[in-house]
Amino acid sequence: MANKRIQAPKGVSEYVPPRSKLFEFVRESLIAPARLAGYQLMELPVFEDTELFSRGVGASTDVVTKEMYTFTDRGDRSITLRPEGTAGAMRAVIEHGLDRGRLPVKIWYSGAYFRAERPQAGRYRQFYQVGIEAIGLDDPAIDAEVIAIADAGFKSIGLRQYRLEITSLGDAQSRAAHRNELLNYIATLDLDEATASRALINPLRLFDDKREVIKNAMAQAPLLMDYLSVASRQHFEKVKSYLDALDISYHLNPRMVRGLDYYTGTTFEFVHDLLGAQSGIGGGGRYDSLMAELGGQELSGIGFGLGVDRALLAAEAEGVIAIDGFVSDLFIIPLGDSAMQIVLELATQLRGAGKIVEIAFGDRSLKTAMKAADKSGARNVVVVGDQEIASQSVELKNMSTGVSVSVTIESLINAL
RNA sequence: GUGGACGUAGCUCAGCUGGUAGAGCACCCGGUUGUGGUCCGGGAUGUCGCGGGUUCGAGCCCCGUCGUUCACCCCA
C-alpha cells in the first residue's frame, strides 16, 4: 500500500529557491527603514491567549468572528494563532513594562500571521508581515514618520505603481457624533438583511461595499471626516503638512474602512494597482485606547503592518525584481581523498573570511565537476590535486573570462 | 463561507469521436589521459492530484474528495 502523499495545508504561502531569495530581499527591504529610524526588534510568539484578540482587535470584526485559528491546548486554554501583530506587541509591551519606561517605545517585528480565509491570489492562510509600533506619543510628526518609513520600504524595493490613502477616524467624540448621523442615513436606505446587520455592527463598512447599488446609495452619506473634533482635525492637518514636507504624495480617502476595531485618528493604507482583488500591500494607523484596553498605561500609539507576500507579488508584477542565478565566490574541485581533506579545511578558512565557497562533492570526473561549477554560478574555480598540494599554489580560473592566474594557496583569499 | 475555471514528468504544456502516455526545457552519464559554457550520443523520470462509478477497456465520461486559481467576502 503506497503511502499517501502529504501536501502543505491549504492556502499557506511558502518560498523555496530560487524565489526565496526575492522573498528575503523584500522582507529585509521593508524593515530596513525602521531600523534606521531607531526601531528595535521584538520577537513574539505566534500563538496567544484568544482573549487578547477578541479584546484587542475587536469582537465585532470579521477577523475575530470568523477568521481565527483557535484551539484548546492540553492545559485546556483557548489559544489562537495570531491574525495580526499589533495586539501581541501591545501585550508584550505591557507585560515587560516597556510602557513605564522611556517613551516612545519604538519596536519592529516580522513573522507569520494566520487567518482562516478562503485562499486567493495574495491571500493566504499563513502569510508574512513586517510591522512597527511607536507607543506613547501623540505628536502628529510621528504619524508622518511611521507613514514615511512604510513608504521608504516600498520605494526601496523599486515599487512605483501604488498609492497611499489616508484618512482620520477621529477621536471617540468625533466618531460618536458621526455614527448617529450615519445610522440615521442608513435607516433611510433599502438594504438586504445581511448588509443591514453588517451596518449595525459597523456602519462604516458600507462605505467599502463594492456593489454599484450600495456605492450609489452611500454617495450622499455623511462622512466621518466632516465630524472631526477640533483636536482631531488639527492633528490630521499637521500630519498632512508633514507628509507634504516629506514629499510623500497621498490621496485623501474619507470612505476608507479598516477591518480592525482599534484604529482611531490617522489611518492609512497602501494600495497597489496590479494586484487584483487583494490590492492592499500595507496599512496601519493610530490606536488611542488599545493599550488601556489591554491593561496597560493610557498611551496612544501608531503602527503599520506591511504584507511581505503581496509586496513581493507587486514587485514581480511591476517587473522590478527578477530571479537571477545564485552567485558564489569560489568553487573548489578536489582530486582525490587527501585533496578533499585539504579542501574542506581551505573552504572553512575562506568562509570564515566571508566568502561564499562551494566544494565539488562526490568524487566525479574533473569534466563533470567543471560542469557542476559552471552551473553553480561560481565566479571562480580552483582545482586542488597532488600538483597543487606539492607546489602550494593553484590556478584560479575566472569562469566568465576563462582566464586563469596562478596564486599561492595562502594568498587565495586576497585574489577572490 | 458562496460561486466559476483548472489539476498529465522538476518546469511549460500536447494527448484526435474513451483503446493502458508524449514534446520542449531542465536533469544524469559519456565523447580516454587534470578544466565549464556550444555540439554529438546515451539515460532516468510519471500509480495522468486522490477515491469511487460507468465500460470489454478511462488521462479523456459521471460522482465525491483534496489542492490551485479567479470573483464575492475580507484584508496584509
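It should be emphasised that the depicted structure is a prediction, and the values quoted were computed from it without experimental measurement. Per chain, numbering begins at 1; letters A, B, ... match sequence-line order.
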Base versus backbone protein contacts along nucleotides 65-76 of chain B [heavy-atom cut-off under 4.0 Å; B, S, -]: -SSS-SBBBBBB
Distance between C1' atoms of B:G3 and B:U12 (Å, rounded): 29 Å
Would you give me the side-chain donor-acceptor pairs under 3.5 Å for residues 405-416 of chain A, sequence neighbours excluded?
| residue | atom | partner | partner atom | Å |
| --- | --- | --- | --- | --- |
| A:T408 | OG1 | A:S411 | N | 3.2 |
| A:T408 | OG1 | A:S411 | OG | 2.8 |
| A:S411 | OG | A:T408 | O | 3.2 |

C1' spacing across the pair B:A21 / B:G67, given as an integer number of angstrom: 23 Å
P spacing across the pair B:G30 / B:G36, given as an integer number of angstrom: 13 Å
4.5 Å side-chain heavy-atom contact, A:I281 and A:Y162: yes
Heavy-atom donor-acceptor pair, A:S279 side chain to A:L275 backbone, under 3.5 Å: no
Rounded C1' spacing from B:C56 to B:A44 in Å: 34 Å
Check: A:F114 ring centre within less than 6.0 Å of A:F47 ring centre: no
Stems formed with participation of RNA chain B [Watson-Crick or G-U wobble, under 3.5 Å, three or more pairs]: B:1-7 with B:66-72, B:10-13 with B:22-25, B:27-31 with B:39-43, B:49-53 with B:61-65
Salt bridge (charged side-chain N to carboxylate O under 4.0 Å, His left out) pairs, two or more places apart, involving residues 169-186 of chain A: none
Could you tabulate the donor-acceptor pairs under 3.5 Å formed by side-chain atoms of residues 328-349 of chain A, not counting sequence neighbours?
| residue | atom | partner | partner atom | Å |
| --- | --- | --- | --- | --- |
| A:D329 | OD1 | A:R379 | NH1 | 3.0 |
| A:D329 | OD2 | A:I356 | N | 2.7 |
| A:T348 | OG1 | A:L344 | O | 2.8 |

C1' atoms of B:A58 and B:A5, separation to the nearest Å: 22 Å
Distance flag, aromatic centroids of A:Y128 and A:Y113, threshold under 6.0 Å: no
Listed once per pair and sorted, the salt bridge (charged side-chain N to carboxylate O under 4.0 Å, His left out) pairs that draw on residues 385-397 of chain A, sequence neighbours left out: none
Span that lies between the P atom of B:C66 and that of B:C25, in whole angstrom: 39 Å
Geometric cation-pi criterion, A:R255 with A:F207: 6.0 Å, 45°: no
Side chains of A:Y262 and A:T86 in contact at under 4.5 Å (non-hydrogen atoms): yes
Derivation of the side chain to side chain contact (heavy atoms under 4.5 Å, CB included) call for A:Y109 and A:I132: CA-CA 6 Å; A:Y109 48 85; A:I132 73 172; over 6 Å; no
Donor-acceptor pair under 3.5 Å, A:D374 side chain vs B:G37 base: no
Show me the donor-acceptor pairs within less than 3.5 Å that the side chains of residues 24-38 of chain A make with the rest of the protein, sequence neighbours left out.
| residue | atom | partner | partner atom | Å |
| --- | --- | --- | --- | --- |
| A:S29 | OG | A:F25 | O | 2.7 |

Pairs where residues 121-139 of chain A contributes a residue and the test salt bridge (charged side-chain N to carboxylate O under 4.0 Å, His left out) is met, not counting sequence neighbours: A:E117-A:R123, A:D138-A:R286
Proximity to RNA chain B (any heavy atom under 4.0 Å), residues of residues 28-49 of chain A only: none
Atom P, compared across B:U38 and B:G4: separation rounded to whole Å: 48 Å
Atom pairs under 3.5 Å: protein N/O with N/O of nucleotides 42-44 of chain B:
none

Main-chain N/O of A:E165 paired with A:T167 side-chain donor or acceptor, under 3.5 Å: no
Nucleotides 28-35 of chain B: protein proximity per nucleotide (B base, S sugar-phosphate only, - neither; heavy atom, under 4.0 Å): SSS---BB
Mind listing the side-chain donor-acceptor pairs of residues 288-296 of chain A below 3.5 Å, one per line with the distance, residues two or more places apart or on another chain?
| residue | atom | partner | partner atom | Å |
| --- | --- | --- | --- | --- |
| A:D288 | OD1 | A:S300 | OG | 2.9 |
| A:D288 | OD2 | A:T264 | OG1 | 3.1 |

Atom NZ of A:K355: over 12 foreign heavy atoms under 6.0 Å: yes
Separation between the P atoms of B:G34 and B:A23, rounded to whole Å: 36 Å
